[in-house]
Amino acid sequence: MARVSVSSMFLWDLGPEEMAGVIAEAGLQEIEFWSETPWYWEGGRREEQAEEIKRRLGGRITTLHAPVMDLNPSSYNDLVCQATIAESLRAIDLAEFLGAEVVTIHPGKRTAKRPVREAERQKLRRYLEVCLDRAEGGAVYLALENLEPAPWNICSDPEEMSQFLDELPLGMTLDISHAAPPLSRAVEFVDRLGDRILNVHVSTTRDGVRHLPPSDGSVDQVLAALKEVGYGGPLTLELDDKKFPETLSKEDKVAVLRRERRHLESVVG
């Protein structure tokens, strides 16, 4: 049976108790908790909040997404690099406390939006080594996510992702919408790195708009490829509620997630 999950960023305006209600009504068993979920992040990230998250969602948080907003491990600004390391280490500790198995982290990018240089890659390596050192002391795995194709983004193509995964004991989070179009790039990630994929962000891209619902069947080829290589990890619906035609109520989000879950199950089984 497909392990269908959802990113808590789709439930942006909800607290842990409401999140638990939504995923239960939608028939989901898992959730990827983003550290930047407003209830937690803007609420001060207090110890009692982490305890509340664990109480309400414990056992369902199988993956956690480290912070990415305003952060960049390969930044031109070394203070931004340091902040990214500090926030990622904090996320790794939170994941261990919540019982998450995998922490999704983003690779870096060149701040100047020019082609990536070795200087940016070296900063990313340092960041990854520090994060791995913290994660290896606990019980979580790190999964590096592919970014959108752009000359300034690191690890946006299968070749470079393979190089980093060959160098370091990392897994991968495959973001289908980041990889496609073309869909063949997403399939290539699966073909080359299927045994290293620990988490999959499932959504589609239409007319240049990313993180849309995949129930139109546009990424079924990627889901089939994942099934073929024996992938058994979470299929995390990473949907952007801001890109729907109208503001979604809590009930609307339940209906969306139920529809998308059924589609993924129909493809993957």
Side-chain angles (χ1 to χ4, degrees), residues 1-41 52-69 91 94-95 98-106 143 145 173-178 197-205 209-220 222-223 226 231-244 247-269:
M1 178 65 71
R3 290 176 54 188
V4 183
S5 181
V6 63
S7 166
S8 67
M9 292 302 268
F10 184 61
L11 309 175
W12 175 266
D13 52 344
L14 305 182
E17 184 174 8
E18 291 177 300
M19 287 182 188
V22 167
I23 62 176
E25 286 186 57
L28 303 180
Q29 301 298 321
E30 302 182 34
I31 186 170
E32 177 169 82
F33 190 81
W34 272 67
S35 297
E36 292 156 313
T37 301
W39 182 90
Y40 177 65
W41 190 269
E52 174 72 1
I53 294 166
K54 188 172 186 177
R55 181 162 53 250
R56 300 293 184 181
L57 295 168
R60 298 179 184 179
I61 300 175
T62 50
T63 61
L64 184 141
H65 203 302
V68 297
M69 297 180 188
L94 177 64
L98 295 176
E101 302 164 358
V102 173
V103 176
T104 292
I105 54 176
H106 277 202
E145 180 176 344
T173 289
L174 171 62
D175 190 303
I176 298 174
S177 185
H178 286 177
I197 297 174
L198 303 178
N199 185 21
V200 178
H201 288 166
V202 185
S203 65
T204 192
T205 303
V209 181
R210 301 188 189 277
H211 299 303
L212 298 175
S215 55
D216 63 352
S218 58
V219 301
D220 286 2
V222 185
L223 298 174
L226 287 163
Y231 175 72
L235 296 171
T236 306
L237 290 163
E238 190 181 62
L239 309 177
D240 189 340
D241 62 339
K242 303 187 304 299
K243 295 175 181 175
F244 283 71
T247 301
L248 299 178
S249 67
K250 185 166 63 173
E251 292 71 26
D252 292 332
K253 291 184 178 184
V254 169
V256 168
L257 292 176
R258 186 180 293 130
R259 180 191 68 215
E260 299 305 313
R261 172 184 61 80
R262 288 171 176 166
H263 178 74
L264 296 189
E265 290 175 347
S266 73
V267 177
V268 179

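Positions are given from 1, in the same order as the sequence printed here. Excluded from the calculations below are hydrogen atoms, water molecules and symmetry mates; all remaining heavy atoms, backbone and side chain alike, are included.
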Flag the pair K250 / L14 as yes when at least one side-chain heavy-atom distance between them is below 4.5 Å, and no otherwise. yes
Would you call L237 and P214 a side-chain contact if the rule is heavy atoms closer than 4.5 Å? yes
Heavy-atom count around Q29 CD within 6.0 Å, excluding the residue itself: above 12? no
Step by step, work out the side-chain contact (heavy atoms from CB on, under 4.5 Å) result for R56 and M19. CA-CA 9 Å; R56 300 293 184 181; M19 287 182 188; over 6 Å; no
Which heavy atom in [X] sits nearest to a heavy atom in [Y], and how many Å separate them?
| X | Y | value |
| --- | --- | --- |
| S203 | L239 | CB-CD2, 4.1 Å |
| P67 | W41 | CG-CZ3, 3.6 Å |
| T236 | V6 | CG2-C, 3.8 Å |
| P213 | T204 | O-CG2, 3.3 Å |
| Y231 | N199 | OH-CA, 3.3 Å |
| T173 | A143 | OG1-CB, 3.2 Å |

Is there a side-chain contact (heavy atoms from CB on, under 4.5 Å) between Y40 and L94 once you walk through the steps? CA-CA 11 Å; Y40 177 65; L94 177 64; 3.7 Å; yes
Does any N or O in the side chain of [X] come within less than 3.5 Å of the main-chain N or O of [Y], such that one atom is a donor and the other an acceptor?
| X | Y | answer |
| --- | --- | --- |
| T205 | S177 | yes |
| R60 | A20 | yes |
| R261 | L28 | no |
| R258 | E25 | yes |
| K243 | H211 | no |
| S249 | D252 | yes |

Determine whether the side chains of H263 and D220 contain a donor N or O and an acceptor N or O closer than 3.5 Å. yes
Is there a donor-acceptor contact under 3.5 Å linking the side chains of E32 and S7? no
Is the shortest distance from a Lys or Arg side-chain nitrogen in R262 or E265 to a carboxylate oxygen in the other one below 4.0 Å? no
With rounding to the nearest 0.5 angstrom, report the [atom1] to [atom2] distance, [X] to [Y].
| X | Y | atom1 | atom2 | answer |
| --- | --- | --- | --- | --- |
| E260 | D216 | CD | CG | 8.5 Å |
| H201 | L235 | NE2 | CG | 11.0 Å |
| E36 | H65 | CD | NE2 | 8.5 Å |
| L64 | I53 | CG | CD1 | 9.0 Å |
| D13 | T37 | CG | OG1 | 11.0 Å |

Could you label the plane-to-plane angle of the W34 and H106 rings as parallel, tilted or perpendicular, counting under 30° as parallel and over 60° as perpendicular? perpendicular
Test side-chain contact (heavy atoms from CB on, under 4.5 Å) on R210 and D240 and set out the steps. CA-CA 8 Å; R210 301 188 189 277; D240 189 340; over 6 Å; no
Stepwise side-chain contact (heavy atoms from CB on, under 4.5 Å) check, L57 with I23: CA-CA 10 Å; L57 295 168; I23 62 176; 4.3 Å; yes
